[in-house]
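One structure is given below, encoded as structure tokens.
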Amino acid sequence: LYSLIVDNIPGLVTSRPGNATIEILETDQYGRTLFTYRGDASRYDGYADTLYIYAICQQVKDKNVYYYEDYFYILADSADSFYSEDINELKKINDWQLPIDESKMAILHESSASVSSKVKEIFDSKHNPTNSEINIDFIGEDKNGESAYFISAFRTEEKNANKNEIIFDGNYLMILDKEGEYDKNNYLIRIDDIYNYQPELHELKIKNGWQF
């Protein structure tokens, strides 16, 4: 469950896995698991210090983890931000208490992510006129090696002698193919809500021929 979260969701500080907490809340009659994740978040992505996540894993079989890509989780900056309606909607989207539908499931697999070094080069050359610093999170790869990235552009300004202030210039989603090439009309979008970007990510993947 830990790998399912950190391999798909941006903003998490994975260098301190001991600070992450996972709690299994419920399972349905077909083996789906509803669980929560609480972990340190990167301030360079624009998140609060801690990310709170509700997620559903469809099943674990033969050491493989199955899930509904882009729609298996919801995010918030505090545990109090989740309402019962949010959890019920997450369950509905993930077919809670319905028979398993393998045609809708993605399988978590180890990423090659060989083109990530090109993300900064491409972004800086086309979308970074202010020369902002950028933070890049890898957030998934499809069967053909296309990879998705969450990019945060920011500047660090000295606020006082003891503390710098981070000023954000925008958050983006980018998709590249396994060679680091891209569809010039559909490879990058700017997002406004870093807690509710999943539909935009899913639509971007469809436009790029993502293999779910």
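All heavy atoms count here, side chains included; hydrogens, waters and symmetry mates do not.
In terms of modelled atom types and a separation under 3.5 Å, the side chain of Asp183 and the main chain of Asn185 share a donor-acceptor contact. With hydrogens and angles ignored, the 3.5 Å screen pairs a side-chain donor or acceptor of Gln211 with a backbone N or O of Gly209. Asn144 contributes no side-chain N or O that, together with a main-chain N or O of Glu146, makes up a donor-acceptor pair within less than 3.5 Å. In this structure, Arg32 contributes its side chain and Asp95 its backbone to a donor-acceptor pair below 3.5 Å. Here the side chain of Asn208 pairs no donor or acceptor atom with the backbone of Trp210 at under 3.5 angstrom.
Here the side chains of Leu1 and Ile24 are in contact, with some heavy-atom distance below 4.5 Å. Taking the side chain as every heavy atom from C-beta outward, Tyr149 and Asp137 never approach each other to under 4.5 Å. The side-chain heavy atoms of Ile136 and Lys120, taken from C-beta on, include a pair separated by under 4.5 Å. Looking at heavy atoms from C-beta onward, Met105 lies out of side-chain contact with Asp101 at the 4.5 angstrom threshold.
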Open item on the list: With salt bridge (charged side-chain N to carboxylate O under 4.0 Å, His left out) as the criterion, how do Lys61 and Glu102 come out once you've worked through the C-alpha distance, each side chain's angles and the decisive distance to 0.1 Å?
Closed with: CA-CA 12 Å; Lys61 184 169 63 175; Glu102 294 188 359; 3.5 Å; yes
Task: Chi angles and distances behind the side-chain contact (heavy atoms from CB on, under 4.5 Å) call for Ile194, Leu75 - done: CA-CA 9 Å; Ile194 59 175; Leu75 309 173; over 6 Å; no
- [ ] Evaluate side-chain contact (heavy atoms from CB on, under 4.5 Å) for Trp96 paired with Asn94, printing each intermediate quantity in order.
- [x] CA-CA 6 Å; Trp96 193 261; Asn94 282 269; 5.8 Å; no
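Residues forming a side chain to side chain donor-acceptor pair (under 3.5 Å) with Tyr197 (at least two apart in sequence, or on another chain): Tyr73.
Using cut-offs of 30° and 60° on the angle between ring planes, the pair Tyr54 and Phe82 is perpendicular. In this structure, Tyr2 and Tyr37 have tilted ring planes: the angle between them lies in the 30° to 60° band. In this structure, Tyr187 and Tyr182 have tilted ring planes: the angle between them lies in the 30° to 60° band.
When the options Leu12, Leu4, Ile5, Val6 are evaluated for a side chain to side chain contact (heavy atoms under 4.5 Å, CB included) with Asn8, the one that passes is Leu4.
Atoms CD and CG, on Glu200 and Asp192 in that order, are 7.0 Å from each other to the nearest 0.5 Å.
Pairs of residues two or more places apart, or lying in two chains, that qualify as salt bridge (Lys or Arg N to Asp or Glu O under 4.0 Å) and include a residue from residues 202-211 are Glu69-Lys205, Asp70-Lys205.
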